[in-house]
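To start, the structure under review is shown below, and the notes come after it.
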Amino acid sequence: MLLQRQSPTLRPLTTAHLAQTMTLLELTSDELRQKIEASLASNPALELLDTPHCPQCHRILHNAEPCPVCSTPQNPFSDDPIIFVSPQWDFISRENNYGDEGPLSEEWSSLPEDLATFVLRQIAPELAEADRPLAAHILTSLDEDGLLRISLFEIARYHHVTLERIQEVQSLIQRAEPWGVGSSSPQQALLVQLEILSEIRPVPEHAARAINEGLDFLSRHTYHELGRLLGISAEDAAQLASFISENLNPYPARAHWGPGRADNPTNPVYKNPDIIITCLNEKENTPLVVEIVSPYAGSLRINPLFRKALNQVPAENAAQWQSDLDEAVLLVKCLQQRNNTLVRLMQSLVILQRQYIMEGNAQLIPITRARLAEELEVHESTISRAVADKAVQLPNRKIEPLSKWFDRSLHIRTVLLEIIAQEVKPLSDTQIADLLVEHGFSVARRTVAKYRAMEGILPARLRQAMRS
DNA sequence: CTATGGCACGGATT
DNA sequence: AATCCGTGCCATAG
């Protein structure tokens with residue numbers, strides 16, 4: 001109802017317009033792509049016009065002729081991000097000129113649009129050119145759990161390379177999210193996850209051995225036997241087991257997407273980003289380039305011939321044609337509205353969260369959707385819809401839900417992680433709470449406990465037996 | 001007695 | 001209107 005100030009130039013004209021705008025706003029670009037493809041197929045009034053590519057970066061240009069990225073001088077610093085709606089180009093062909101060679105790009109493009117692509121996005125920049133086919137082979141052979149069920153030997157022999165090289169590629173993949181993806185067994189996945197985790201925070205001393213030697217006991221929950229194996233008490237063994245089951249996942253792809261630990265066991269689909277943020281150049285104060293991924297490449301418009309032909313159409317078809325036309329006009333308008341909203345949303349969000357985007361979790365400024373809505377002079381629900389289910393890709397190529405940007409406590413939890421990582425001997429929740437106050441965060445002791453739980457960190461007493 | 005987790009309440013957020 | 005989140009209080013474990 002309160003959308004009227006959303007855009008000065010595009011006023012919702014009808015309730016239908018309004019309703020559809022809201023619906024479109026909720027859709028991710030992947031979903032929107034399906035919808036538009038369906039409309040294009042069924043509605044003759046719609047027309048998709050090809051538009052030229054930017055010769056330098058291969059972005060497909062909409063209306064604005066100069067490419068917004070390449071035409072920007074490399075030097076300047078600006079608080080204002082370069083922000084625009086861009087059709088999703090093939091990210092591989094842009095990065096490091098992937099796709100220049102024919103045979104390889106075919107192989108890449110045959111990857112299914114799912115987990116494989118998701119992982120590929122992350123490792124692409126670190127992947128040596130010659131190793132691309134190997135990575136592709138591994139990624140396309142994953143099962144639905146994200147594990148590699150075929151043997152590395154087989155791949156090595158197929159490509160005539162050494163086993164070591166395959167293993168290198170595999171370990172690169174394993175360190176991408178979801179952690180442990182591409183492992184040859186659940187056990188290996190657990191070990192990789194444990195290793196990554198141990199770089200961030202303390203982990204129980206015997207965890208690696210428990211996984212290596214006591215996996216049977218772990219899965220059968222026979223903790224006394226596990227304890228006996230490791231030479232620790234049954235209670236400690238039980239704690240160890242709960243640490244493992246809470247923080248590690250033997251089937252990487254069954255995990256939820258993103259690093260969030262808030263358990264969300266319902267279908268964990270890996271998403272392609274709806275918004276891509278990159279740095280314009282390597283300089284310290286580079287402007288950010290924000291691209292709202294548009295689901296269609298080219299410009300969508302009403303076919304002018306269709307409009308002309310409307311008058312001459314036989315009477316019995318006229319009604320149908322008219323409704324097609326109306327529908328098409330509505331869709332185009334609503335799409336503009338959607339883009340407009342997303343652009344404005346990201347505009348202020350990126351300026352506000354620049355620190356976070358560049359430097360990570362600790363710098364996230366807590367902001368509520370409501371406050372942002374006020375600033376942008378749109379209704380709260382508009383922001384909610386725009387944020388829901390969207391994924392952003394940061395300059396470091398991590399893909400995360402946009403909703404993470406509205407996490408009220410992420411920055412405090414990050415500081416809490418740092419405190420615990422630096423602690424000499426385990427601190428009690430009360431002590432941590434005091435330390436946090438020194439950092440300027442006043443949180444209750446009870447809340448510290450909750451944050452700990454969220455991060456999967458055991459209580460102080462049980463942290464004794466930690467660290468290897 | 002101290003440290004923690006569970007439950008539940010109230011205010012904020014969606 | 002429904003949900004989430006921080007907190008206080010209390011029971012329990014060590």
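The figures that follow rest on heavy atoms only: side chains count, while hydrogens, waters and symmetry mates do not. Below, read A as the first sequence line, B as the second, and so on, with proteins coming before strands; counting in each chain starts at 1. Everything quoted here is computed from the prediction, not taken from an experiment.
Classification of A:Arg175 and A:Glu126 as a salt-bridged pair fails, no side-chain N sitting under 4.0 Å from a carboxylate O. With respect to A:Glu380 and A:Arg369, no salt bridge is recorded, no charged nitrogen being found less than 4.0 Å from a carboxylate O.
Residues satisfying the side-chain contact (heavy atoms from CB on, under 4.5 Å) test with A:Leu40, not counting sequence neighbours, are A:Ile36, A:Leu46, A:Leu48, A:Leu300.
Atom CD in A:Gln431 sits roughly 10 Å away from atom C1' in B:dA3 (whole-Å rounding). Spacing between atom CE of A:Met454 and atom P of C:dC4 amounts to 12 Å, rounded to whole angstrom units. The nearest whole Å value for the distance from the CZ atom in A:Arg369 to the P atom in B:dT13 is 11 Å. In this structure, the CG atom of A:Leu25 is 15 Å from the C1' atom of B:dT14, given to the nearest Å. Atom-to-atom, CD of A:Glu380 to P of C:dT3 comes out at 17 Å; the value is rounded to the nearest Å. In this structure, A:Ile457 atom CD1 and B:dA3 atom C1' are separated by 16 Å, rounded to whole Å. Atom pair A:Lys425:NZ and B:dA3:P shows a separation of 10 Å (rounding to whole Å applied). Whole-Å rounding puts the A:Arg446 CZ to C:dG8 P distance at 11 Å.
Of the candidates C:dG6, C:dG14, B:dA3, C:dG14 carries the atom nearest the A:Arg461 side chain, counting heavy atoms from C-beta on. Closest to the A:Pro459 side chain, of the nucleotides B:dG5, B:dA3, B:dT14, is B:dG5. Residue A:Arg408 places its side chain closer to C:dC5 than to any other of C:dG6, B:dT4, C:dC5. Among the nucleotides B:dT4, B:dT14, C:dG6, the one closest to the side chain of A:Ser409 is C:dG6.
Residue A:Arg452 is in sugar-phosphate contact alone, with no base atom involved, counting any heavy-atom pair closer than 4.0 Å across all strands shown. Among the heavy atoms of the strands, none lies under 4.0 Å from A:Ser381.
For A:His411 and A:Tyr356, the distance between ring centers is not under 6.0 angstrom.
Residues A:Gln322 and A:Asp326 have side chains that bring a donor and an acceptor to within less than 3.5 angstrom of each other.
Nucleotides of DNA chain C nearest to A:Tyr451 and A:Arg445 differ in position, and the one nearer the 5' end is that of A:Tyr451. Between A:Phe406 and A:Ser428, the residue anchored closer to the 5' end of DNA chain B is A:Ser428, taking for each the nucleotide with the nearest heavy atom.
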